[in-house]
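Here the structure is laid out as structure tokens; the discussion comes afterwards.
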Amino acid sequence: LFKLLAKKGVKPFASVNYARVYPVFAAAVWAVVMWLYECHPDVLQPSLTASMKYLYADTNTWDRARETFLPSAASTLVVGSMLWLNRAAPRTLLDLTKRL
């Protein structure tokens, strides 16, 4: 939105350097969201509150070591299938230069 307003020549957005202002603006917005989460979580959207609870509260415990360190059955199947299909050269799966 900021870039669009600057492109249209709307003041004060047209005279501000987007590359310099955006990181400060984004940090300020996220600081407000974090403050709201800590002090007034009821005013945030329930999905945002649930995501932030998962990120900042639930993941601080070690009671789910199996989910944290062991791969799921689906990811094991996918990686195993990729290795089996490319069994001639498994190193090429991780070589990103050949994919670009």
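Values below: all heavy atoms of this structure, side chains included; hydrogens, waters and symmetry mates excluded. A quick note: this is a predicted structure, and the numbers were derived from the prediction, not measured.
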Could you tell me the separation between the CD atom of Gln45 and the CE atom of Met52, rounded to the nearest 0.5 Å?
13.0 Å

Residue pair [X] / [Y]: nearest heavy atoms and the distance that separates them:
X     : Y     : answer
Thr49 : Tyr37 : O-CE1, 4.0 Å
Ser15 : Pro12 : OG-O, 3.1 Å
Ala19 : Pro23 : O-CD, 3.3 Å

Consider only side-chain heavy atoms of I, L, V, M, F, W and Y, link residues closer than 4.5 Å, and tell whether [X] and [Y] are in one cluster.
X     : Y     : result
Trp30 : Leu44 : yes
Leu36 : Tyr54 : yes
Val24 : Val32 : no

Residue pairs meeting salt bridge (Lys or Arg N to Asp or Glu O under 4.0 Å), one or both in residues 41-57, sequence neighbours left out, come to Lys53-Asp58

Can you tell me how the ring of His40 sits relative to the ring of Trp35, calling it parallel under 30°, perpendicular over 60° and tilted otherwise?
perpendicular

Hits for side-chain hydrogen bond (donor to acceptor under 3.5 Å, both in side chains) against Ser81, two or more places apart or cross-chain, chain-then-number order -> none

Kindly write out the residues that satisfy salt bridge (Lys or Arg N to Asp or Glu O under 4.0 Å) with Lys7, not counting sequence neighbours, or none if the list is empty.
none

